[in-house]
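Below you'll find the structure, written out as C-alpha cells, and then a few comments.
In this text, all values refer to a predicted model and were calculated from it rather than measured experimentally. Naming: A, B, ... by sequence-line order, numbering from 1 per chain.
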Amino acid sequence: MAETKENYDLTPRVAPNLDRHLVFPILEFLQERQLYPDEQILKFKIELLNKTNMVDYAMDIHKSLYHTEDAPQDMVERRAEVVARLKSLEEAAAPLVTFLLNPAAVQELRADKQYNLQMLKERYQIGPDQIEALYQYAKFQFECGNYSGAADYLYQYRTLCSNLERSLSALWGKLASEILMQNWDIAFEELNRVKDIIDSKSFASPLNQVQNRIWLMHWGLYIFFNHDNGRTQIIDLFNQDKYLNAIQTSAPHLLRYLATAFIVNKRKRPQLKEFIKVIQQEHYSYKDPIVEFLACVFVNYDFDGAQKKMKECEEVIVNDPFLGKRVENGNFSTVPLRDEFLENARLFIFETYCRIHQRIDMGVLAEKLNLNYEEAERWIVNLIRTSKLDAKIDSEAGTVIMEPTQPNVHEQLINHTKALSGRTYKLVTQLLEHTQGQAAR
Amino acid sequence: MATIASMLASTQNPFPCFREPLYSRSRSVVFRSYLEPCGRRIRTIPRFIRACQPSDKVGGEGGSVSASAKSYHFGNELLSFASDNFLPLALVTGVGMGFANPTLGCLADKYSLSKFSTCGIFIISGLTLRTEAIGAAVKGWPLGIFGLASILLLTPSFSRLVMLFQLQPQELVTGLGIFCCMPTTLSSGVALTHLAGGNSALALAVTVASNLFGILTIPFWVSRYIAGGVGVSFPTDQLFRSLIVTLLVPLIIGKVIRESFKGFANFVDNNRKLFSRMNAICLSLVPWIQVSRSRSLLLSVEPKVFLAAIGIGILLHLSLLAFNALSIRILSGLSGDYNSKNSKGNGTAVLLVASQKTLPVMVAVVEQLRGAFGEPGLLVLPCVAAHLNQIMIDSILVNVWLRKSNASSSTDGGSDSEDESDIEEEIQEVQNNDINNRYLQDNSDDDDDTDTKRVIKPTKDKRFEEMTHTVEQMKNAMKINDWVSLQENFDKVNKQLEKVMRITEAVKPPTLYIKTLVMLEDFLNEALANKEAKKKMSPSNSKALNAMRQKLKKNNKLHEEEINKYREAPEVEEENEPEDEDDDDEEDEDEEDDDSKEAVTDEEVDETTDTRWETMLNKKDKQMEKLLSKDPKEITWDWVNQKFKEIMAARGRKGTARFDLVDQLTHLTKIAKTPAQKLEILFSVISAQFDVNPGLSGHMPIKVWKKCVLNMLTILDILVKYTNIVVDDTIEPEENETSKPADYDGTIRVWGNLVAFIERIDTEFFKSLQSIDPHTREYVERLRDEPMFLALAQNIQDYFERMGDFKAAAKVALRRVESIYYKPQEVYEAMRKLAELVEEDEEAEDAEEESGPISSFIVVPEVVPRKPTFPESGRAMMDLLVSLIYRNGDERTKARAMLCDIYHHALMDNFGTARDLLLMSHLQDNIQHMDISTQILFNRTMAQLGLCAFRVGMITESHSCLSELYSGQRVRELLAQGVSQSRYHEKTPEQERMERRRQMPYHMHINLELLEAVHLIGAMLLEVPNMAANSLEARRRVISKNFRRLLEISERQAFNAPPENVRDHVMAATRALTKGDFQTAFEVLNSLEVWRMLKNRDSILEMVKARIKEEALRTYLFTYSSSYESLSLEQLAKMFDVTEAQVHSIVSKMMINEELHASWDQPTRCIVFHEVQHSRLQSLAFQLTEKLSVLAESNERAMEARTGGGGLDLSSRRRDNNQDYAGAASGGGRWQDNNMSSGYGGRQGNNRSGYGGRPGQPRDWSGQNRGGGYASRAGSGNRGGGMQMDGSTRMVSLNRGVRT
C-alpha cells in the first residue's frame, strides 16, 4: 500500500514547476504523512536550501539530520557571505527604502509613473540604480525567507519599475511571497494579475507561454485549495482552452486537481462532459484514481470499478499536499475535502445508476455507496425529500423504484413551440419598427 | 476535446508557423542547388543545362540531322534513300495537290509561276554544279562519250517507237515521246550513281554536257520525231530560243554566281541537300500548276488509259536501260584491255545517267510549246509518272546491287563511292554469273580464266591505282585549298590503305601513303601558319581544317616511325618531334578554337569538341604513362589546375563522353598538389558522376553511385583533416585559392555544396530503388547499400555540426530520418547488423583501390569512420535526429521530419504520441499547400496512423484516419504506391512520368490489402450497429459512404460466392454481423491472409473478436429490442459470449446515450424495455413543429436581410436557440432528441463541408485527404459519447476549429 501511495504522490512532478520556497510546504506535509523516510526528506530539504539564503534553517536541519551540534564549514561561510551581501544590498537600496518608509513622502507619489520617477530623481536623487537595488534587495529578502518584506518591496518596486520583464518577475515574486504568507485573497489577486499578463503578452515562443501557464497553474494550486472560492476558480482557470491545452501537453498530472474540483463542485456540471472527453484522450498518458473514477462512472458505467476507485481516491486525497489539508478540531483532525469528495462521488454514482435503472435493491445500493443499509436508506430518503431524486422506496421488497423520466409527448410539443410565438411576436414588432422608422424618414 | 485541436495555436508547438508558401516543386529545388556548383565552372550555363537534360538535346539533334546537309555522314541506307527520294515525293504531292484543289494552282498559273520555277530550277542547278569534279571524269571518256551519244542521239529515236502506241487522248503518248528526247536528269542520276558506287564524277560530267548539248538537240528531235507523228508544224527556232532563255541562261547565272562568290559556293556545297530540296519543290510546282489547270481534262482520262501510259513509261525506261547496258557491255568489250579497273564504276554511271530523262527540261519544253501538241497538263502528267518510275526503278536496281555486294555495310551517301564499288566488285568476283553485272562481264571473265595468283595481282594493282587516284585528288584539293574535299579524300585514303594492307599482307603502309601523310602534314602546318588566310576561309572550310588537323595528328601517330624515316631518307626536312609539338599544338588549338568558335555555329562547336576530345583522350593516356615515369616534381599546381580547367570546360558539351570525363578527373585527383585542389577536383568528379546519368527518369548506375559515395567520404576525410578548408557555395573563391598549401594559416575556401551532393546521392539511391524490379535479387543487393549512404550522411552531419552549420546538418539529418522512419524495429535491427557486415567487405575493396597504379600525392588517411553507428532502437535514432531538425531546420524540413516522426511513432504503436504530434503540428491544415512529395508523406503517415489506431484497438480513430484516404478510390495514387487508372480522364504522358517519379520504392510500401482490411473492418464495426439503430432512416446518418456503397453492391448480387478478396471477406462478415452472428463474422475475417502482416497478430485478432462481439450485441439490441419486453443479462452474456460486466457496461452506455430505450431492473438483472413508439399523430405533430421552426427561422432571416440592422439581435438569439436545442438534444426526451439530432445532422454536415471544402481542394493532389475529418477525431473518438452526443460535439469542435 505504501508503494501505491508513493506512486500517487505527485511531488516529483509538481516540484519542478514550483519555486524552491514553495516546495517547503509540500515537504512539510510529506514529512507529516511520513510517506518517505524522514532522512530522505531532510536531505532533500538541505539540498533545496543550499541555493537559497536561508542558511540558518539549513543549519538547523543539518543538525537534526545528523544529530550533531556542528554546522558544516561551508554553511558557516555561506552564512557570513549572505549576511555581507545583505548589508551591501541594504545600503544600496537604503535611499529608496527610507523614502518608502516615510508615509509623508509616499503620499507624494501619484498614479503617473513617469511623474513619480522624475519626482524621485529630482527631489530624492533616486535614480534607476536605486530602483534596481530595491528589486535586488527584495529578492534577497525573499531568498532569506523574509516574505512579508519581500512582498512589500516588490509591490513598491512594481509601481516604480519601467521594465516589463522585471515587473513580471517582481509579480511572480510577490505571488510567491503572498502564497508563502498564506494571504490567499491577495495571492488570488496577484494570480489573476499574472494570468492577465501571460495571456496578453506576446511571448517569443509559444513554448515559453505554455511554461508560464504551467507555472501559474502549479502555484495556483496552493491558492485554489485554500481559498474559499478556490474550487470554482480552479475550474474557471484550468478549464480554459489555453490552460487545458497546456495541461494536456505538459502537465497531465494537474488533471487530478481539476477532476477533484469537478467532483466537489456541483455547480460546474455542464463543463463536466467536456472534461470527461479530455480525460478519455489523456488516459494513455496519465492515470490517477480520481480521474479513473470519473472514467468509470461516465465512460464505462462500471459501478463496481467506480466503487474501488473511490476507496483509492480517499487515499490519494489524504496524501496529497494540496487536497489533504487538515483542519484541526480540538484533537480531532479531519480532511474536509475528503468528506466532500466522497459525498459527491457517491452522488455521482447514484445519479448515474438511477438513470439506467428502474428498480434497485437497497442492499446493493448501500454496498455501491459505501454505506450500510440504514445509512443508505436515510440517504435516499433525504434525496427524495429534497426532490433531487424522483423515486419511491418499496420497503417490502427492499427496493427503490424510479419514476419514469420520460417527459410527456405533449409537454415536449409545447416546449418545442413555446418559443415560436415569442419569436414571431418580436419579429413583427421589429418589422413594424422598421417600417415606422422608414415612414418617419 | 476541442482542446487538443485548438491547443496548437498557443502552445509548445514544434512548428510555430507554416504561413509562408513552401516550394512548389521540391525536387527542382534540390536540383537547382545541385546544378549550381557545376554551373559556375562552365562558360555558358545554358549549354550546361542542356547537357543536364539530354532528352531535349537528343530531340534537337534529331531535328538538325534532318535539316542539315551533313546527314549523309551519319545517314543509314534508309535515311539516305528517303532523302534521295524527296523529289518523287514532292512530285507526287504536287500532282495530288493539283487534283485536290485546282484553284490555287490556277492562281499560280496566272502569275506564270511555272516560268519562274523553271528558271529557279536551273539557277539552282547551276549553283550546285561542281565543275572541279568534272576533271575526274575525264578518265572514263570513252564511256562518257558513249553516254552522251546515247542520250542525245540514240535514245530520242525511241520516241518513234513510243509514238506507235495509240491512246486516247494522244497527249499522253506525245508527252512520253517528248520525254524521250530529253537529256538526262540533273539530280537523281548523279545521286543514284553515288548510291550505286558508280563514278559519280563521270555521271556528273555526262549530265552537264548532255544538258548543255540537249538545248541544241531537243528542238531538232522534237520537230523530227514528234511533230511529224502528230502532224503539227513545230516552231523549232522559237523553242530553241526560249530554251536558251529559260534553261541555259539561268544555268549560267547560277554557275557564275557559284564561281564568283567562293563563300556562296561553300554554302551551297554544305547545304546541297537543301538546294536539291528547293529544286525538287520548284520542279513539283510545274506538274502542280499544270495538273490544276487541266484538272477537268485529266479527270476525263480513263484510269485504264492513264495506267497504260504509265506502263508505256516503264517499258520505255526498261528498254532504255537494256539498250544502254548492252551498248556499254559491247563498248567495254571493245576496249577491255584498257579500262579494267574503273570501267565498272564508269559503266554504272553511264548506264544510270543515259537511261534517265530529265523532267525539268521536259517541263520547260512543254512550257514553250504553248499547247502546240495539246494540253500541257496531259503532256506532263505521264512524264511525271515516268520520271517517278525511272527514279524508283533505278533506286531499286541500285539497292539490289548494293544488297548483293554487302548487306551489312552501310551505304555512306557519297564520300566513299569508290569503297562501295570495291566491295561490290569483290562480291562479283565470287558471283560471276550475276545478271546485274553483265556490263562488267568481260572483266570478270578474264579473271575467271586465270588462276588465283593472277587474281591477286591485278587486285593489288587496282588498289594502288585507286589510292594514287585519291592522292591525286587530294593534291588537286590542296591546290585550291579545299579542305572539305581534302578531308573526304583523306578518309578515303585511309580506307583504301586498310584494303591495300590487307591484300599485300604488309606490315608497313606503302610509301605512297607515307608520302601523302608527310605532304599533308606540311600543308597543314603551312595552312595553320598562315593565320590570315585561315581567317578568310569559309566556316565550313575552316571547320574541315580543324577536323583534318585532329585526324591527321591522330593518324600520324600510328605511322610515326615511317614518317620520320621517310623524312630523313628522301628529303632533308626539319625534324619534327611530334610529342613535343603535341603540347604546343594543344595550346594553339585551344586558342584557335576559341577564336573560331565565335564565328562558328553551335553545332560546329560541338563537332570540333567532339573530335578534339578524341585527341585529348589519347593524350591523356599518354600523359598518364608519362606521369609514371615523370618526376613528381614536374607536376605543378598550375599544371594540374590548367588541366582541370580544360577538362571542366568540356563538361556538359555535346559528345563529351561522360564516363571518360569522370576517369580523367579521377586521375587528376591523384596528382593534385594541395589538399584544397584535390578537394576542388573531387567536387567536380562528383558532379561529373552525377552527370553520368542522363535524364531525370533514369537512375545513376550503381557502380558510379558507390564511387560517388566513396568520393564524398574522401572529401570528408580531407575536410576533417585539414580543418582550415571551408566548403562554401556562396562566395566565389579567388582564382588561386586552392594553390594554398596544406599548412596555410588562414582558411581556404573551396566552392562546393555538400548538402546538395548528399541530397542528390540520396535521390539517386531512391530513384534506383524505384526503377529496379523489387522482386529481383538486384533490389535486395541495392538495399544493402543503404548503410553506406547512412554512414556518409552521418559523417556529413557530424561535420556540419562540428562546423556549427546546423541548418545544413538538419537537412542531412532529414535525409537520414527519411531512410529510417518507415523501418520497424526488426528491420532496423537487421540493417544494423548488415551495416557491420557490409562494411568489412567494403574495407577490403577500399584497400584494393588504394593500392591502384598511381598513388596520389595527397594521401588522405581515412579519418572519417566508414561505418554508420546506430543507436539501439530506431526510436532513439529518430529522436536524436528529429530533435536536431526541430531546432535548426527550415519549415519544409521540419514538416517532413515531423511527418516521419509521427509515422515512426505510429509504427511503434504509440498512437497517442503520434496523434498529439500530428495535432500539435497543425500539419493537416497546411498540408495542401506543400509540395507533392510531402503530401504523399502525409498520406502515408495518415495511413500508418490508421493502422496503428487499429492495432491498439481504437477503431473509431482508425476509421477517421483512413476514411479520407479511401473516399476517392485513389489510394494507390495517394500513397504513391502505384498508378490507378481513371476511367474518366486520361493522363498526359507528362503527368504519368511525374507520377512515376513520385512512386515509393517497394520496400517502403504500406500493405494496401492490410490497409483496406483495416479500413473496411473499422467501417463495418461502426456502420453495422449504426445501420441497425437507424434502420428506418438509413440515408440519414452515414458514417462511411464507401462502405455503404460496397455493401449495396454486394447486396445487389443474386448469389454470394465464397469470399476471395479483402472486400468480399468484409462483406461476408458484415452480412453475418448484421444478423448478430458474431462467430461467423469473426471466422470470415480471421481467414484473411493479411493478418500475417501484423506483428502481434493474436492479440489484434483477439481485439477484433471482442469488438465484433460488442457490436454484434449492440446490433442485436437495436434490431430486436422492439420484440422484447424484458431481456435477462445472463442470457445476453451467454448469447454473445461476453462477460456479464461487459454486457452491463455496454447496455448501460446505450441507455445513457438514449440509443436504447430501456432500463435495468436490478433485482432480477433484466433489461426492461420501454414502449416509446410514437403514434402516427404524434410524429406528424413533431414534423409540423419542426417545419414551423424552420419557417420562423427563414422569416427571421428574410427580415434580417431586408432590414440589416436588426440582424445582430436576431442572430444572437438564434444562437441561443441552437444551444437550447443542443441542451435538449443531449438531455431531453428521446424522440425530441431524434428529431433534433437529425436536424443537427444536416446542419452539421453543412458545417463540415464548409470547413473541409477549402478553395482549391478538389483539384489538389491530396488536399481532399485533409478535410475536417481528423479535426473531428476527438469528437468521434468518444465511443462512450455515442452517436447522438457525437453529433453535437463534433459541431462544437468544428466551430472551435474555425475560430482558432
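Taking CG from B/Leu1184 and OG1 from A/Thr417, the interatomic distance works out to 9.5 Å, rounded to the nearest 0.5 Å. Taking CG of B/Asp1161 as the reference point, atom CD1 of A/Ile401 lies at 9.0 Å (rounded to 0.5 Å). Distance CD/B/Glu1193 to CG/A/Leu427: 11.5 Å, rounded to 0.5 Å.
The shortest distance between side-chain heavy atoms of A/Arg359 and B/Thr1164 falls below 4.5 Å.
Under the salt bridge (charged side-chain N to carboxylate O under 4.0 Å, His left out) criterion, A/Asp394 pairs with no residue at all, not counting sequence neighbours. In this structure B/Asp909 satisfies the salt bridge (charged side-chain N to carboxylate O under 4.0 Å, His left out) test together with B/Arg951, sequence neighbours excluded.
Both the backbone and the side chain of B/Ala1181 come within contact range of chain A, with heavy atoms under 4.5 Å apart. Contacts of A/Leu431 with chain B are made by both backbone and side-chain atoms, with heavy-atom separations under 4.5 Å. There is no contact between A/Phe275 and chain B, counting heavy-atom distances below 4.5 Å.
Considering every non-hydrogen atom in both B/Ser1159 and A/Gln358, the closest pair reads OG-CB, 3.5 Å. When all heavy atoms of B/Ser1148 and A/Tyr301 are compared, the closest pair comes out as CB-CB, 3.6 Å. Shortest non-hydrogen contact noted between A/Thr399 and B/Pro1163 is CG2-CG, 3.7 Å. Residues A/Arg423 and B/Glu1196 share a closest heavy-atom pair of NE-OE2, 2.9 Å. Contact between B/Ser1189 and A/Leu420 at its shortest, heavy atoms only, is CA-CD2, 3.7 Å. Heavy atoms only, all atoms of each residue included: A/Asn300 and B/Ser1145 are closest at O-OG, 2.6 Å.
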